[in-house]
Structures are given as C-alpha cells and as structure tokens.
Amino acid sequence: MHKLGVLLSGRGSNFVAIAEHIASGKLRDCAIAAVISNLADAPGLAAARQRGLNAIAIEARGRKRAEHDAEIVACLREHQVDLVCLAGYMRLLSPGFVQAFPQRILNIHPSLLPAFPGLDAQTQAFDYGVQVTGCTVHFVDEQLDHGAIILQKAVPVRAGDDAHTLAERILEQEHIAYSEAIGRVVSGKYEVVGRRYLPKS
Ligand code: GRF
C-alpha cells in the first residue's frame with residue numbers, strides 16, 4: 001500500500017478528487033496518510049478533517065523556508081509517506097525538501113507545460129489566445145513547474161469562453177489526470193530518462 005501525503009493551500013478540489021478515486025477503487029494500492037497545509041484555514045484541510053484523515057496545519061509563521069519545509073518533511077516521514085502530491089500548494093519547495101523525496105513529489109499545473117508556468121496559468125493561456133491548453137502532472141524538481149512530465153490532458157478553448165469557464169473545464173480534466181498520474185507512478189512501470197517519462201510494460 002502506498003502512502004500519499006497531500007500538500008495544499010486552498011479549496012482542495014484536487015485532493016477531494018484523489019480521495020474519491022481511492023474510495024471508489026479507481027485508484028488502487030493508495031491511502032492518504034496525511035493532508036498538510038501551510039494555512040490552518042484552508043478549506044481543503046477542513047475537507048480532509050471531515051473525511052477523517054490526518055489534517056495537519058504547519059504554518060510558516062515568518063520562519064525560514066528551509067526550516068518550515070524541514071518540519072513538513074518530518075511530518076511526512078512520521079506518517080510514512082512515500083509519495084507527496086502537491087495539490088494547489090502555493091509555496092515553492094526548498095532544495096532540501098525536493099532532495100528528501102527524489103522523484104517522489106508530484107504537482108499538477110493548469111496548463112500544458114512548458115507553456116504558462118507560474119500563477120494564473122489559465123488566464124495567461126486565455127489572454128495569449130491559444131486554442132488548446134490543458135493540465136500537466138509532473139515530477140517536482142528544484143525549478144518551478146519544471147520536472148519531468150508524467151501526464152497531460154488537452155482542453156480546447158471554445159468561442160464563448162472567458163478565463164473562468166476555461167479554468168472550470170481544465171479543472172475537470174485535472175481531477176481525472178491527477179489520479180491517473182498517481183496510478184502510473186505507484187505502478188512503478190516507468191522510467192524517467194532525462195526529462196522523458198517512459199512507460200514500461
Ligand atoms: C489547480 O488549478 C491546480 O492545477 C493548481 O492549483 C489549483 C488548485 O485547486 N496547482 P484545488 O485547490 O485543488 O481546487
């Protein structure tokens with residue numbers, strides 16, 4: 001059984017989708033061992049608590065990033081987490097955090113990387129005028145929105161879209177993509193060669 005640690009800062013809809021896929025059996029061999037937030041009042045943390053999961057706030061409180069991250073790493077270790085899933089976690093990870101879980105930290109980003117990294121990716125894509133955007137699940141390395149890509153889903157921009165309707169349709173795909181990517185990683189049937197994720201049979 002793989003133990004997931006979910007890190008979030010906001011509403012937590014990706015976390016809820018993962019939890020539901022585990023509960024329904026669509027995502028096998030996984031359990032959520034801890035849900036951690038840097039914000040005690042994150043709605044996603046309340047959702048985790050309601051589900052009877054370990055919901056833990058570890059606030060930064062003006063501490064140095066490395067110190068805050070070390071506390072999170074200790075908490076993940078305490079809960080024997082072997083795969084960390086960033087789900088709307090709005091802080092950059094320090095090198096020490098990334099190195100503590102090599103190729104075992106995933107993130108979801110609401111664009112087809114490497115296009116539109118950073119904040120408000122859906123609005124960036126909409127304003128740029130792209131006709132296709134989407135979402136990306138990738139391994140986390142020490143650069144923002146940069147590690148090897150595990151899975152992408154494309155979402156077309158429609159004529160009547162605004163940035164909000166586009167973001168909603170991307171989010172629907174995120175909810176599918178994240179569990180699918182976790183399933184791929186926990187299956188172990190892949191290798192990463194350079195930047196490339198290669199499935200193995
Ligand atoms: C999602 O759009 C995700 O791609 C991005 O942050 C947002 C989190 O949404 N990294 P939620 O908190 O999972 O609802």
Side-chain angles (χ1 to χ4, degrees), residues 4 6-21 27 36-39 41-45 47 60 65 69 83-95 97-98 101 103-185 190-199:
L4 310 186
V6 179
L7 266 61
L8 54 79
S9 304
R11 70 190 157 183
S13 72
N14 276 287
F15 147 66
V16 169
I18 295 165
E20 283 176 356
H21 286 138
L27 177 56
I36 300 172
S37 182
N38 59 314
L39 301 174
D41 59 358
L45 209 53
R65 184 182 305 279
D69 279 3
L83 187 65
V84 180
C85 300
L86 308 185
Y89 184 64
M90 301 306 284
R91 284 176 65 86
L92 286 175
L93 303 195
S94 56
F97 192 159
V98 175
F101 289 91
Q103 297 282 49
R104 299 304 285 179
I105 308 175
L106 311 186
N107 182 44
I108 187 155
H109 182 76
S111 74
L112 295 177
L113 290 171
F116 313 118
L119 288 177
D120 297 324
Q122 307 94 327
T123 305
Q124 288 187 54
F126 183 78
D127 290 347
Y128 194 92
V130 297
Q131 297 183 5
V132 180
T133 181
C135 61
T136 304
V137 185
H138 63 94
F139 288 108
V140 171
D141 65 12
E142 290 174 29
Q143 293 177 53
L144 179 68
D145 300 330
H146 178 267
I149 291 169
I150 302 160
L151 185 84
Q152 294 187 300
K153 291 209 183 275
V155 175
V157 181
R158 291 189 190 145
D161 265 337
D162 55 28
H164 180 74
T165 58
L166 179 60
E168 278 183 344
R169 291 210 316 292
I170 295 171
L171 191 63
E172 281 171 23
Q173 294 305 309
E174 291 184 41
H175 293 165
I176 300 166
Y178 215 158
S179 294
E180 228 175 285
I182 293 168
R184 287 183 181 189
V185 172
Y190 68 93
E191 56 185 339
V192 178
V193 180
R195 290 200 43 87
R196 302 188 64 220
Y197 166 94
L198 303 173

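The figures that follow rest on heavy atoms only: side chains count, while hydrogens, waters and symmetry mates do not. Please read these numbers as outputs of a predicted model, since none were measured by experiment.
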Which atom pair, heavy atoms only, marks the closest approach of [X] to [Y]?
X: V16; Y: A47; answer: CG2-CB, 4.2 Å
X: H175; Y: S13; answer: NE2-OG, 2.8 Å
X: I149; Y: Y197; answer: O-CB, 3.1 Å
X: T133; Y: A125; answer: OG1-CB, 3.8 Å
X: F15; Y: V6; answer: CB-CG1, 4.0 Å
X: P110; Y: A121; answer: O-CB, 3.7 Å

Would you say [X]'s side chain and [Y]'s backbone share a donor-acceptor pair under 3.5 angstrom?
X: R65; Y: L92; result: yes
X: Y178; Y: L106; result: yes
X: N14; Y: A87; result: no
X: H138; Y: L113; result: no
X: R195; Y: H146; result: yes
X: D69; Y: L93; result: no
X: S37; Y: L8; result: yes
X: S179; Y: H21; result: no
X: R184; Y: I150; result: yes

Compare all side-chain heavy atoms of [X] with those of [Y] and state whether any distance is below 4.5 angstrom.
X: V192; Y: L198; value: no
X: C85; Y: L7; value: no
X: V137; Y: N107; value: no
X: L151; Y: T136; value: no
X: V155; Y: V132; value: no
X: V185; Y: F139; value: yes

Before giving the answer on side-chain contact (heavy atoms from CB on, under 4.5 Å), spell out for F97 and I105 the whole-Å C-alpha distance, their side-chain angles and the decisive distance to 0.1 Å. CA-CA 9 Å; F97 192 159; I105 308 175; 4.0 Å; yes
With sequence neighbours excluded, what pairs up with E20 under the salt bridge (Lys or Arg N to Asp or Glu O under 4.0 Å) test?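 Salt bridge (Lys or Arg N to Asp or Glu O under 4.0 Å) list for E20, sorted by chain: R51.
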Is D161 salt-bridged to R169, going by a charged N under 4.0 Å from an acidic O? yes
Could you tell me whether K153 and E180 have a side-chain N and a carboxylate O separated by less than 4.0 Å? yes
Pairs touching residues 122-131 that satisfy side-chain hydrogen bond (donor to acceptor under 3.5 Å, both in side chains), sequence neighbours left out: none
Candidate pair I108 and L86, rule side-chain contact (heavy atoms from CB on, under 4.5 Å), full reasoning: CA-CA 7 Å; I108 187 155; L86 308 185; over 6 Å; no
Taking atom CG of D120 and atom OG of S111, what is their separation to the nearest 0.5 Å? 11.5 Å
If you round to the nearest 0.5 Å, how far is OG of S9 from CD1 of I36?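 The OG atom of S9 is 11.5 Å from CD1 of I36, to the nearest 0.5 Å.
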Under the side-chain contact (heavy atoms from CB on, under 4.5 Å) criterion, do Q103 and D141 qualify, and how do the steps go? CA-CA 8 Å; Q103 297 282 49; D141 65 12; over 6 Å; no
Among Q173, E174, E168, E172, which one satisfies side-chain contact (heavy atoms from CB on, under 4.5 Å) with I170?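 Of Q173, E174, E168, E172, side-chain contact (heavy atoms from CB on, under 4.5 Å) with I170 is met by E174 alone.
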